[in-house]
Amino acid sequence: MTTMNCDEFVRLVTAYLDEDLEAGTERRFTGHIAECGGCDVYLRQIRVTVAELGHLPAHGLTDQARETLLNAFRDWSAR
C-alpha cells in the first residue's frame, strides 16, 4: 500500500466526510491521520466548520457578499 502525503489528504477530505472513498484509498487516508498530527487537526477543524456552517440559513448572504466570497476563493486552489 502506498502512503498518502498531506496534499493528497487535503484533496480527499470532502470525499472522506461524504463516505465516498474507495476502500483502499480510505485505508490510506485513515493511515495518514494516524501518522500525521497536522492532518488530524485539519480534519477536526473541517468537521467543526461543516457542523457550524450547517446552521447558517442559505439566504443569509447578500448577493454582493456572496460574489465577494466567490471572487476571493475562485482561484484559491491554483495558488
Side-chain angles (χ1 to χ4, degrees):
M1 176 169 58
T2 60
T3 59
M4 181 174 290
N5 64 36
C6 297
D7 290 333
E8 184 180 7
F9 178 91
V10 169
R11 284 193 305 272
L12 295 173
V13 165
T14 300
Y16 175 76
L17 293 174
D18 290 342
E19 299 178 358
D20 197 29
L21 291 178
E22 294 179 4
T25 303
E26 185 172 351
R27 282 191 297 275
R28 291 175 51 236
F29 189 93
T30 56
H32 184 81
I33 296 169
E35 296 176 2
C36 182
C39 285
D40 180 51
V41 169
Y42 177 77
L43 179 60
R44 282 187 273 138
Q45 290 173 337
I46 293 297
R47 283 183 167 146
V48 168
T49 300
V50 168
E52 292 299 316
L53 292 179
H55 301 291
L56 294 177
H59 55 78
L61 289 176
T62 65
D63 289 341
Q64 181 181 0
R66 182 178 184 281
E67 190 61 31
T68 299
L69 287 171
L70 288 173
N71 286 334
F73 291 101
R74 184 165 281 120
D75 297 322
W76 177 76
S77 64
R79 291 182 208 153

Checklist entry - How far apart are the closest heavy atoms of T3 and R28, and which atoms are they? => result O-NH2, 3.5 Å

Item to check | Heavy-atom side-chain proximity of V48 to Q45 below 4.5 angstrom | outcome: no

Next on the checklist: For the CD atom of E52 and the CZ atom of R47, what is their distance to the nearest 0.5 Å?
Outcome noted: 15.0 Å

Next on the checklist: Between R74 and N71, does the side-chain contact (heavy atoms from CB on, under 4.5 Å) criterion hold? Intermediate values first, please.
Outcome noted: CA-CA 5 Å; R74 184 165 281 120; N71 286 334; 2.4 Å; yes

Checklist entry - Has the side chain of N5 got a donor or acceptor atom that lies under 3.5 Å from a matching backbone atom of D7? => result yes

Checklist entry - If only atom types and distance count, is the side chain of T25 paired as donor or acceptor with the main-chain N or O of L21 below 3.5 Å? => result no

Checklist entry - Is the closest side-chain heavy-atom distance between T14 and I46 below 4.5 Å? => result no

Next on the checklist: Would you say that F9 contacts Y16 through its side chain, given a criterion of any heavy-atom pair below 4.5 Å between the two side chains?
Outcome noted: no

Item to check | For L12 against M4, the heavy-atom pair lying closest together | outcome: CD1-CE, 3.6 Å

Checklist entry - Can you check whether R11 reaches E8 side chain to side chain, under 4.5 Å on heavy atoms? => result yes

Item to check | Within 6.0 angstrom of D18 CG, more than 12 heavy atoms from elsewhere | outcome: yes

Checklist entry - Please walk me through it: do D40 and R44 pass salt bridge (charged side-chain N to carboxylate O under 4.0 Å, His left out)? => result CA-CA 6 Å; D40 180 51; R44 282 187 273 138; 3.1 Å; yes

Checklist entry - Cluster question for you: counting only ILVMFWY and a side-chain heavy-atom cut-off of under 4.5 Å, with indirect links fine, are F29 and V41 together? => result no

